[in-house]
Amino acid sequence: MGKLFFPKMAAGNLARNRRFVFPYLLTGLLTVAMFYNITFLTWNEDLKNMPGGSTIPTIMYLGTIVVGLFAVIFLLYTNSFLIKRRQKEIGLYNILGMSKRHIAVVLLWETLYICIIAILGGLLLGILISKLLLLLLYKLLFFPVQFGFTVSFFSVGITAGLFAAIYLIALARNLIHVSLSKPVELLRGGNVGEKEPKTKVLMTLIGLGTLGAGYYIAITTKSPLDALMLFFLAVILVIIGTYCLNAAGSIALLKSLKKRKNYYYHPKHFISVSGMLYRMKQNAVGLANICILSTMVLVMLSTCVCLYLGIDDALHASYPNDITFVQYPGEPDNIPEEDYRTMVLDTVQEHSLTPSLVQEYDNLCLNTIQDGDHFALGTREDDIGDLVYMELLTAEGYTALTGRPLTLSGNQVAIYTTEEQAEWQSLTLMEETFQIAQRLTASPTISYCAYTDRIFVLVVADDQVMETISQKQLQYTDRPSCITWQLSLNFENVSDEKIMALYQDLEKTVRAYQVPQYDENGQMMPETTGAVCSSTCRQEGRQDLYTMYGGLLFLGLFLGALFLMATVLIIYYKQISEGYEDKERFAIMEKVGMSQTQVRASIRSQVRVVFFLPLLGAVIHLAAAFHLITKLMAALNLYNIPLFAMTCLGTVVVFATGYFIIYHLTARTYYKIVR
């Protein structure tokens with residue numbers, strides 16, 4: 001054999017099998033381009049230097065991990081389709097005299113061609129579209145556009161190394177498969193696994209149990225922080241349940257249809273049911289993959305779009321006022337509240353601004369455990385989901401916040417709660433009993449909490465009562481909460497730039513009151529005395545939220561496109577593979593009298609089942625996860641459930657429309673093969 005025999009043979013094999021090789025090659029090329037771009041954005045210096053840009057690398061780094069793992073799993077998975085379709089071809093080479101060593105050389109050249117084209121083409125495509133994706137990200141984040149074009153050679157190296165390793169692993173798997181198989185087994189490879197499967201009771205029970213447990217977690221989780229911790233557990237349980245029920249439950253369903261003689265002994269039903277039943281093990285994995293990938297697309301897109309559209313809601317939940325100062329009790333020389341107020345208002349006047357609202361009040365925040373109308377101080381051993389967030393303020397503070405007078409005396413309180421409560425006449429907090437004088441219909445301060453939706457606002461008579469409760473904590477913990485003083489400012493018809501300039505001056509003024517402390521060696525200590533406070537500004541927070549939510553939306557769109565590409569390819573390979581396997585069966589049926597119309601009807605019946613069961617499963621998974629996802633978004637200060645419902649509905653409609661288009665294209669391709 002000449003030196004160019006094997007390279008030419010490998011090139012010819014790829015050309016002859018282009019129906020299978022081209023989608024695999026195109027998928028590898030696009031995945032390379034996407035991985036290059038996600039790493040390019042992760043380590044992009046221009047993004048890091050933007051205001052709030054420090055959040056972007058973290059988000060993109062997570063995307064890099066997901067895309068990398070996806071590339072490894074999916075390219076190896078699709079490679080298995082190729083080697084399965086070519087088993088007869090490889091077996092024939094072996095029978096005609098080619099040794100397994102020669103076949104290995106051919107496979108090596110084929111993999112080398114695919115690897116070079118995918119990596120070089122993918123990197124070139126990735127570099128060409130990198131600026132476009134960067135501009136899209138700037139647009140989502142409201143960053144100023146940066147001119148210039150750069151190539152990240154670090155990303156080029158990582159991408160080339162990763163995908164070279166993936167194709168090397170794929171080659172090794174193919175060589176092991178060929179070396180361990182006999183020529184006769186390779187020739188029969190396309191028909192392996194067509195034995196009618198048995199009903200798997202244990203797997204069905206496991207599937208029902210894991211899917212039910214995942215749904216139970218999703219539906220019953222109440223705390224946003226619990227949702228963060230349990231989300232991935234629920235996802236894993238649902239994935240296991242989906243695979244088990246597709247493998248076992250689908251067999252039970254098909255066998256039940258087979259027993260219905262009026263249904264089964266109909267030309268289109270007979271072919272579709274028997275065809276899927278005899279290959280159900282293979283079908284189950286494909287259907288489960290399509291269902292899970294579709295669910296990922298729906299969840300990511302609906303969640304990320306909702307977060308981005310709901311930025312204003314999240315902004316007002318996180319920053320109720322334009323500027324807020326919170327002072328904590330510190331050293332004896334801490335600046336008095338009167339001086340603090342004067343300092344802030346004088347600075348506002350220097351900027352020629354007039355606040356439309358000035359709010360000032362004291363409050364005390366506690367984490368408690370509820371037992372009926374009794375509340376005890378929470379401890380570290382308590383589960384987060386059991387905690388009740390309680391905020392106390394005085395009647396004077398309530399009047400300052402709402403403008404409505406409230407008169408309380410002694411142990412009287414007014415309460416607001418998100419909990420359903422009985423007609424309590426009193427409540428007990430750390431063994432202190434208070435009489436409920438009034439129930440409030442709206443919260444004067446907090447309406448949402450990042451870690452629980454169980455909220456109580458307690459309005460007490462005066463500062464003395466609040467101080468008594470604060471001191472009461474010392475009987476239960478050595479790390480009590482402290483009473484804080486809050487001053488908030490709102491402005492109307494004032495530009496964001498002026499408010500930001502005011503806020504920056506206020507921070508400088510506050511820092512001037514912070515007196516540094518020195519140790520015995522004259523070294524500055526981290527502790528200071530003076531105005532010990534924290535401050536927030538809505539206008540500053542807006543850019544942070546746009547950076548976070550815009551980054552999540554970009555990543556959601558990016559990964560959604562990746563998973564959608566995988567879904568389409570799995571469906572394509574599945575239908576092409578089954579088309580070739582069914583071609584001989586339909587030819588026999590036509591010879592015994594089955595018409596073209598009946599063949600087409602049978603094809604439509606089978607393809608509809610293959611397509612629409614995964615879509616239905618994905619929509620059911622999204623509906624079950626709806627409650628859990630709303631809790632996850634609550635941890636990000638987004639509580640607009642109607643908005644999320646609308647984005648879910650819109651995402652399902654758009655995705656289903658694309659799904660129908662894929663259905664028609666696939667049905668046409670499948671029919672061309674079996675015809």
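What's counted below: heavy atoms across the whole structure, side chains too, no hydrogens, waters or symmetry copies.
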Q) Strictly under 6.0 Å, is that where the ring centroids of Phe612 and Phe660 end up? A) yes

Q: Find out whether Ile38 and Leu555 are in side-chain contact, i.e. whether some heavy atom of one side chain is under 4.5 Å from a heavy atom of the other.
A: yes

**Q.** Pairwise distance CD1(Ile217) to CG(Leu230) - rounded to 0.5 angstrom
**A.** 5.5 Å

Q) Once you round to the nearest 0.5 Å, how far does CG of Leu622 lie from CG of Leu649? A) 10.0 Å

Q: Nearest 0.5 Å please: distance from the CD1 atom of Ile641 over to the OG1 atom of Thr630.
A: 5.0 Å

Q: Carefully, step by step, assess Leu615 and Phe655 under the rule side chain to side chain contact (heavy atoms under 4.5 Å, CB included).
A: CA-CA 9 Å; Leu615 178 60; Phe655 184 78; 3.9 Å; yes

Q | Nearest non-hydrogen partners of Ser130 and Thr150, listed with the distance | A | OG-O, 4.5 Å

Q | Pair listing, ring-ring contact (aromatic ring centres under 6.0 Å, His included) test, anchored in residues 202-226, at least two apart | A | Tyr215-His621

Q: Count the heavy atoms of every other residue, nucleotide or ligand shown that sit under 6.0 Å from CE of Met9, and state whether that count exceeds 12.
A: yes

Q) Can you tell me if Ser302 uses its side chain to pair, donor with acceptor, with the backbone of Cys648 under 3.5 Å? A) no

Q) How long is the span from the CG atom in Leu211 to the OG1 atom in Thr242, to the nearest 0.5 Å? A) 5.5 Å

Q: Identify, with sequence neighbours excluded, every residue that meets side chain to side chain contact (heavy atoms under 4.5 Å, CB included) alongside Leu569.
A: Pro23, Thr27, Phe74, Thr78, Tyr573

Q: Taking atom types as modelled, find out whether Asn79 and Tyr167 have a side-chain donor-acceptor pair closer than 3.5 angstrom.
A: no

**Q.** Heavy-atom side-chain proximity of Trp109 to Asn13 below 4.5 angstrom
**A.** no

Q: Look at the side chain of Thr303 and the backbone N and O of Met300, then say whether any donor-acceptor pair between them is shorter than 3.5 Å.
A: no

Q) Can Val238 and Thr210 be said to form a side chain to side chain contact (heavy atoms under 4.5 Å, CB included), step by step? A) CA-CA 6 Å; Val238 169; Thr210 53; over 6 Å; no

Q: Write down the atom of Ala227, the atom of Leu628, and the distance for their closest heavy-atom approach.
A: CB-CD1, 3.6 Å

Q: Test side chain to side chain contact (heavy atoms under 4.5 Å, CB included) on Val568 and Met565 and set out the steps.
A: CA-CA 5 Å; Val568 172; Met565 178 183 67; 5.9 Å; no

Q | Minimum-distance pair of heavy atoms, taken over all atoms of Leu25 and Ile114 | A | CD1-O, 3.6 Å

Q: Look at atom OH of Tyr113 and say whether more than 12 heavy atoms of other residues, nucleotides or ligands are closer to it than 6.0 Å.
A: yes

Q) Are any non-hydrogen side-chain atoms of Leu307 and Leu553 less than 4.5 angstrom apart? A) no

Q | Contact summary for Ala618 and Ser294, nearest pair of heavy atoms | A | CB-CB, 3.7 Å

(Q) I want to check something: taking the side chain as every heavy atom from C-beta on, are Phe554 and Leu133 in contact at a cut-off of under 4.5 Å? (A) yes

Q: Find out whether Tyr243 and Asn289 are in side-chain contact, i.e. whether some heavy atom of one side chain is under 4.5 Å from a heavy atom of the other.
A: yes

Q. Can any side-chain N or O of Asp313 pair as donor or acceptor with the backbone N or O of Asn640 at less than 3.5 Å?
A. no

Q: Side-chain contact test, heavy atoms from C-beta onward, threshold under 4.5 Å: evaluate it for Thr204 versus Cys244 and give yes or no.
A: no

**Q.** Contact list for residues 106-124, test salt bridge (charged side-chain N to carboxylate O under 4.0 Å, His left out), sequence neighbours left out
**A.** Arg86-Glu110

Q.
Tell me every residue that passes side chain to side chain contact (heavy atoms under 4.5 Å, CB included) with Gln539, counting only those two or more places apart in sequence or in another chain.
A. Asp322, Asp496, Ile499, Met500, Cys537, Arg542

Q: Show your working on side chain to side chain contact (heavy atoms under 4.5 Å, CB included) between Leu301 and Leu557 and close with a plain yes or no.
A: CA-CA 6 Å; Leu301 292 183; Leu557 295 173; 3.7 Å; yes

Q | Leu123 side chain reached by Thr159 side chain, heavy atoms, under 4.5 Å | A | yes

For residues 63-73, which side-chain N or O atoms pair as donor and acceptor with protein atoms under 3.5 Å away, sequence neighbours left out?
| unit_1 | atom_1 | unit_2 | atom_2 | d |
| --- | --- | --- | --- | --- |
| Thr64 | OG1 | Thr42 | OG1 | 3.1 |
| Thr64 | OG1 | Met60 | O | 3.0 |

Q) Just by modelled atom types, is the Ala170 backbone N or O under 3.5 Å from a matching donor or acceptor in the Arg173 side chain? A) no

Q. Tell me, which pairs form a side chain to side chain donor-acceptor pair (under 3.5 Å) where one or both residues lie in residues 642-651, sequence neighbours left out?
A. none

Q. Looking at side-chain heavy atoms only, is the closest gap between Phe22 and Leu26 below 4.5 Å?
A. yes

(Q) Can you classify the ring geometry of Phe40 versus Tyr36 as parallel (below 30°), tilted (30 to 60°) or perpendicular (above 60°)? (A) parallel

Q) Between Ile119 and Ala164, which heavy-atom pair has the shortest distance, and what is it? A) CD1-N, 3.7 Å

**Q.** CG on Leu562 to OG1 on Thr567, rounded to 0.5 Å
**A.** 9.5 Å

Q | Closest approach of Gly556 to Cys304 (non-hydrogen atoms, all atoms of both residues) | A | CA-SG, 3.8 Å

**Q.** Main-chain N/O of Ala634 paired with Tyr639 side-chain donor or acceptor, under 3.5 Å
**A.** yes

Q | CG-OH distance between Leu315 and Tyr549, expressed to the nearest 0.5 angstrom | A | 9.5 Å

